[in-house]
Structure formats: structure tokens, C-alpha cells
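Here is the structure we will look at.
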Amino acid sequence: MAKQKMTAAELIALYLEKRGVKHIYGVPGAAILPFYDAIKELTKIESFVVRHEQTGAFMADGYSRATGKVGVCAATSGPGGTNFLTGLYSAWMDSIPMIAITGQQKNSLIGTMQFQEAPIVEMAKPVTKASYRLTDGSKAAQFIQEAWVTATTGRKGPVLLDLPVDQQKVVVEVDLDALIASTPVDNLPQATDADIEKTFELLKDAKRPVLLSGGGVNIANATAELKALAEELQIPVVTSGMGMDTFPNDHPLFAGRMGTMLDTPFGNKTIVEADLVINLAGRFADRSTGNVEVFTQNGKKVIHVNLDNKEIGKVVPTTLGIVSDVKTFMVKLTEAHKALRATVAATAEAGTKIDLTEDRKKWARKTDYTTFPIRQERALRELREFLDRDAFVSHDCGISQIWSCQLFETYEPRTYLLTGGAGTMGWGLGAAMAAKLAFPERQSVNILGDGSLGMSLQDIATAAKHDIPVIIFCMNNSLLGLIRQQQNWFYDERQISTDLIYKNELCDNEDRGIDFVKTAEGMGVRGELVTHYDDIKPALQRAVDSGKPYLIEVVVDPDPKKACEFSNNGALSGFKYSNQINFSK
């Protein structure tokens with residue numbers, strides 16, 4: 001197209017549409033109205049109004065995780081922008097590409113403490129990849145191009161764009177097609193031949209090598225390459241919490257997950273007993289590694305592959321650090337192994353095929369409880385058995401997330417949505433709604449506890465207003481369960497501010513406090529209370545059949561002595577957890 005005249009706000013809106021943006025999530029306000037007006041008048045981008053700007057950011061984040069594309073949210077100045085900060089932080093910790101757009105006071109008034117003026121650029125800088133203010137509307141083309149490139153290249157991340165209302169109205173002349181065509185190529189670092197050769201040398205000497213898949217494998221869209229590499233090398237795959245949907249959990253080579261909390265016993269056992277760990281695009285974050293001595297004892301060697309050189313050796317000492325796009329590394333290693341007809345020591349015999357299925361079953365946690373109240377393990381088992389293989393499940397932080405990570409199986413990439421670094425309560429409903437909007441034909445469930453639902457409750461109305469048929473699966477123990485558990489274990493049962501129970505006389509409810517079903521119905525969302533595990537699947541079927549947003553409140557066991565398992569000493573002990581649990585039997 002030839003150059004055309006338009007306002008800066010119109011340019012940004014049209015640019016986003018040409019980049020493939022389909023949705024925008026947020027709450028409009030006076031300072032961002034030129035941009036919102038351009039979205040309505042000039043584009044086919046669909047705008048979804050939420051009940052709290054924070055949920056708009058969570059939806060943009062969840063959309064990006066589910067699709068691999070850029071999620072976009074927008075809000076007005078002042079509190080609208082500051083309400084984005086938690087969402088930006090959640091995306092930044094996990095390297096998620098998204099763009100948050102905020103309105104701002106006129107240029108001439110910035111710094112004079114006018115109505116709804118906030119220094120959002122400065123506030124957002126520590127929790128974004130970049131944060132920009134459009135101080136000159138005539139440069140809007142370069143401004144939006146730089147923001148897009150920053151969010152989507154190298155180590156991806158969220159970007160905040162602050163648009164003073166007067167600069168949104170500045171008229172510019174631009175050829176949008178030419179602008180997009182001028183986008184620089186993302187030249188990611190690539191593993192060298194020497195890197196591949198050194199990797200082979202370590203593999204040839206290893207008797208118990210393992211591939212450790214991190215969240216970066218999803219970000220790089222490299223799950224097919226991971227599967228090809230594992231099958232070529234015939235060595236086990238363990239995932240981190242963020243990487244748990246990067247490899248099919250029923251694959252013969254899948255060993256499980258590692259971590260002090262977000263783990264499976266056989267996953268930890270495999271990592272502990274390995275003599276070579278190849279970390280593929282993970283960070284060795286604290287909830288994955290715990291006490292890092294497990295990676296430095298008994299001659300264990302570590303190969304760490306990461307796009308960001310600052311991550312290599314930051315937590316765990318490495319034998320070999322490789323700065324590379326993980327997809328490129330895995331393709332090169334697979335092809336080289338085929339070409340050289342090399343073998344690794346663990347599978348030196350020709351035609352060796354590893355099948356870890358029975359080992360996973362042997363070390364699996366118990367889920368077939370028949371006691372009441374319903375055990376969380378049983379509730380999650382019923383849910384997993386009901387859902388399709390490609391269903392999305394989103395999570396908030398807390399004990400519900402830990403149980404899910406310990407017990408839930410995933411089979412398709414980008415289906416297990418959680419904030420790994422930030423651990424954000426209230427995040428999962430927005431993510432579930434965005435995933436459902438992106439893939440209407442697939443099931444989308446928000447798994448959470450009652451504590452987290454209290455932080456996203458208002459946006460049940462968003463699901464109702466926009467008719468987004470997500471399922472809210474609330475496991476209600478009327479506690480901040482994870483913190484209560486830690487108070488009991490580590491603070492001699494000194495409990496403070498973790499009990500959420502109160503007598504709700506209006507709902508004849510002495511056991512739970514909030515009646516979430518009635519609350520959801522008040523917003524126009526169907527719901528039902530479940531107290532027997534045999535009723536979970538029928539409730540889920542009614543939810544799916546309704547084609548509407550649906551809340552299922554499952555009353556689960558609040559007994560702290562039946563809490564989820566995690567390492568009390570901070571080590572990946574593999575199969576020795578709390579003093580109440582012994583997996584060695």
C-alpha cells in the first residue's frame with residue numbers, strides 16, 4: 001500500500017491488525033479512547049472488556065502461552081496502567097511475548113500530578129523487557145515497530161507502550177506494508193559444530209543421561225524436535241514445571257517432572273540418579289532444583305542449553321554451556337547422531353528401546369481415594385479422565401497448582417498454563433478464557449482453589465458477558481491451603497490468616513463461607529456444588545453440554561495431615577519427602 005495519512009492511534013491499531021492480532025483485552029478510559037476508537041472504526045480486532053484490568057493482562061498472557069502469538073491488552077492511564085503491573089510481571093518472569101498499551105496524560109502535563117497520571121513507564125521497567133512512552137506522535141511508526149520486534153525476538157518478553165492522549169491524535173503519513181516488510185530478521189544464536197561434538201563426547205561416557213525440558217521448549221515451538229531427539233537418542237525425558245506440556249506424558253521415554261514441589265517421584269528419582277543432565281531451555285529455577293548439591297555430587301555432569309547466556313551457570317554449575325536457540329540445537333544434535341550412527345552408553349546395544357511406562361506406574365502417587373470429604377488427588381483424577389487430550393488447563397498459584405503439577409498428565413504442547421516464576425493467584429481464569437477464545441473447539445478449564453477464586457471472582461462476569469464457555473473447577477477447602485500446610489510443618493502449627501471459613505447465614509453455609517455457586521449464578525453463570533467424587537464427571541459433562549461458562553465447586557478435604565507432598569529439606573531426594581510419606585516402600 002502507498003503512504004496514507006492517519007493518526008498515531010490509528011497507525012498502532014492498524015499495525016497490530018496487520019501483525020495478526022485478533023483480540024484485545026482490557027478496560028477503556030478517557031486517556032486511551034483514541035486508540036480504542038481506532039480499533040472499532042478501522043480494524044476487525046475484537047475487544048473484550050474485563051471487570052479488572054489485571055484480568056486483561058492475564059488474558060493477553062494466557063493467549064500468548066496457548067497460541068505462541070502476541071497477546072495484547074489495553075487500559076487507561078493511572079490506575080488502569082498500574083493494575084497491569086502484576087500481569088506484566090507474570091509474563092516477564094516466564095519470557096512471554098505480549099504488549100500492554102496504556103493511555104497517559106498530555107505530554108505537557110506529565111510530571112505535574114494531574115488526574116490519573118502515573119509514571120507507568122518507570123514503574124513497569126523492572127518487570128518488562130522494555131517500557132516506552134510515545135513522546136512524539138510523529139514517530140509512532142518507529143515506536144510500534146520497535147516495540148513489536150522487542151517483544152518477539154531474542155529472549156521474548158512483555159513490552160509496555162504508554163500513549164499520551166495528545167500524541168495519539170498526531171497525524172502521520174506511513175506505508176504500513178513497507179514498515180512491516182522492513183522488520184529485521186531474528187538472528188538467534190546457534191549451536192556450533194564444536195558444541196555438538198562436545199555434547200557427543202559427554203553422551204558417549206554417560207551411563208544414565210537424561211534430557212531435562214524447560215519452558216523455553218514451548219516458547220521456541222520446539223516440542224516436535226524434542227520428541228525426535230529423545231527417540232533418536234533413546235534416553236529419558238524429565239520436565240520442569242514450566243516444561244511439563246513439552247513432551248507427551250504417556251510417551252515410553254517420559255520419566256516425569258522434577259522439583260521440590262512440582263514433581264513426580266520417578267521424575268526426581270531419574271534426575272537424582274542421572275550422571276548427565278542436558279537442560280534444554282530451562283532456568284534451573286528454585287522450585288525445580290531446590291538444593292543444587294544434587295547436581296554437583298557423584299560426578300554428575302550438566303549441559304545447559306539456553307538462548308540467554310546470563311542463565312547458564314547462574315544457579316547450577318555447568319560442565320558445558322551452550323548459548324543457542326534450543327530448536328536449532330536439538331535439530332543439529334539429532335541429525336548429527338543419525339549421520340554419525342553414534343551411540344550413547346545408555347543405549348549402546350543396537351535397537352535398544354526404552355519404555356518407562358511401568359516405572360512411572362510403580363512410582364506414581366495414589367489417586368484412587370474413596371474417603372470423604374473428596375481428596376484433591378481423586379478430584380484431579382476424575383477431571384483428567386474426563387477431559388480431551390488437547391484440553392487447556394490453567395492454574396493459579398497455591399496448593400491446587402502443586403497437586404495438579406504432581407498428578408496431572410499432559411499430552412499436547414501449550415495446554416498446561418501456569419505462571420511459573422510469578423506464581424500469581426487470580427491468573428488462571430483470564431488465561432482459560434483467552435485460550436478458549438483462541439481455540440473455541442477445545443475444552444478450557446481453570447483449576448484453582450477457593451483462595452485464588454476470591455481474587456478473580458469478578459471476572460466470572462466477563463465469561464458471562466462474552467459467552468466464553470470455560471469451566472471453573474474450584475477445589476474448595478476454605479483455606480489458603482499451601483500456606484496453612486507450611487505453617488503446620490515449619491512453624492509448629494502456629495496458624496494465622498489462612499482460615500477462610502465463616503458462617504454465611506444468607507446461604508445457610510457454615511462450612512465454606514462464600515457460596516461460589518450462588519455468586520456465579522448472580523453473574524449469569526451456571527454452577528453446581530459437588531461433594532461426592534462419583535458426581536464430578538457428570539457435572540463436567542453437564543458443563544460441556546451447556547456450551548456456556550460453568551462453575552463446579554468441589555468440596556475437598558481440608559485436613560492438613562493429608563496435605564500435598566514436597567521436599568522438607570529443599571533437596572530433590574527423589575522419593576523421600578515429608579516424615580509422613582515414604583515412597584521407598
Side-chain angles (χ1 to χ4, degrees), residues 202-203 205-214 226 230 233-280 282 284-304 315-316 319 344-347 352-367 377 402-410 563-585:
L202 291 169
L203 274 168
D205 293 336
K207 298 293 191 297
R208 297 176 303 281
V210 60
L211 299 173
L212 172 59
S213 180
L226 171 61
L233 297 178
Q234 282 296 306
I235 61 177
V237 175
V238 172
T239 71
S240 67
M242 286 301 299
M244 67 178 288
D245 57 354
T246 59
F247 196 78
N249 288 187
D250 57 353
H251 192 284
L253 290 169
F254 180 66
R257 284 174 289 285
M258 65 170 282
T260 59
M261 293 184 180
L262 314 183
D263 69 291
T264 62
F266 189 60
N268 270 358
K269 184 175 186 294
T270 302
I271 287 288
V272 169
E273 296 177 355
D275 57 359
L276 175 65
V277 176
I278 304 177
N279 185 331
L280 300 168
F284 283 122
D286 56 334
R287 287 214 295 179
S288 288
T289 57
N291 189 337
V292 299
E293 288 182 3
V294 73
F295 295 96
T296 60
Q297 294 173 343
N298 304 319
K300 190 191 301 290
K301 295 181 172 59
V302 174
I303 300 173
H304 194 175
V315 178
V316 171
T319 309
V344 298
T347 55
T352 299
K353 295 287 185 182
I354 293 177
D355 190 339
L356 303 175
T357 304
E358 292 306 314
D359 287 311
R360 287 200 310 273
K361 291 179 180 178
K362 173 185 174 183
W363 291 95
R365 291 183 169 95
K366 179 179 174 63
T367 59
E377 298 94 328
I402 294 173
W403 258 304
S404 177
C405 287
Q406 291 182 354
L407 301 170
F408 214 82
E409 287 194 347
T410 65
C564 66
E565 301 135 11
F566 62 84
S567 172
N568 273 352
N569 62 5
L572 300 187
S573 51
F575 44 89
K576 291 181 181 177
Y577 283 75
S578 75
N579 55 13
Q580 303 157 337
I581 298 150
N582 184 358
F583 282 112
S584 63
K585 294 182 179 179

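Values below: every heavy atom of this structure, side chains too, minus hydrogens, waters and symmetry copies. Computed from a prediction, not measured in an experiment: that's the story for all the values here. Start at 1 with the first residue, then count along the sequence.
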What is the distance from atom [atom1] of [X] to atom [atom2] of [Y], rounded to the nearest 0.5 Å?
X	Y	atom1	atom2	result
Thr239	Leu212	OG1	CG	8.0 Å
Leu253	Ile235	CG	CD1	8.5 Å
Asn268	Glu273	CG	CD	11.0 Å
Thr260	Asn291	OG1	CG	10.5 Å
Glu377	Leu407	CD	CG	6.0 Å
Ser404	Glu409	OG	CD	11.5 Å

What heavy-atom pair brings [X] and [Y] nearest, and what distance separates the two atoms?
X	Y	value
Asp205	Asp275	O-OD2, 4.5 Å
Thr246	Gly214	CG2-O, 3.9 Å
Ala255	Thr264	O-OG1, 4.1 Å
Phe408	Arg257	O-NH2, 3.1 Å
Leu203	Leu233	CD1-CD1, 4.2 Å
Leu276	Ala206	CB-CB, 3.8 Å

Partner set under ring-ring contact (aromatic ring centres under 6.0 Å, His included) for Phe284, not counting sequence neighbours: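 Scan of Phe284 (ring-ring contact (aromatic ring centres under 6.0 Å, His included), adjacent residues dropped) gives Phe295, His304.
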
With a 4.5 Å limit on heavy-atom distance, are the side chains of Leu262 and Gln406 in contact?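 Side-chain contact under 4.5 Å: no.
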
Heavy-atom side-chain contact between Val237 and His251 under 4.5 Å: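 A side-chain contact under 4.5 Å is absent here.
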
Run the side chain to side chain contact (heavy atoms under 4.5 Å, CB included) test on Met261 and Cys405 for me, step by step, so that the C-alpha distance in whole Å, both residues' side-chain angles and the decisive distance to 0.1 Å come before the verdict. CA-CA 8 Å; Met261 293 184 180; Cys405 287; over 6 Å; no

Under the criterion side chain to side chain contact (heavy atoms under 4.5 Å, CB included), which of Leu211, Val210, Val302, Leu202 is the partner of Ile278?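 Result for side chain to side chain contact (heavy atoms under 4.5 Å, CB included) with Ile278: Leu211.
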
Among Thr289, Val277, Val272, whose side chain to side chain contact (heavy atoms under 4.5 Å, CB included) with Val294 holds?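 Filter result, single survivor: Val272.
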
Within 6.0 angstrom of Lys300 NZ, more than 12 heavy atoms from elsewhere: yes

Ser240 and Ser288: side chain donor to acceptor below 3.5 Å: no

Determine, step by step, whether Asn249 and Arg360 satisfy the side-chain hydrogen bond (donor to acceptor under 3.5 Å, both in side chains) criterion, reporting the C-alpha distance in whole Å, the side-chain angles of both residues, the deciding distance to 0.1 Å, and the verdict. CA-CA 10 Å; Asn249 288 187; Arg360 287 200 310 273; over 6 Å; no

Below 4.0 angstrom, N of the basic side chain to O of the carboxylate: do Arg365 and Asp263 qualify?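 A salt bridge links Arg365 with Asp263.
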
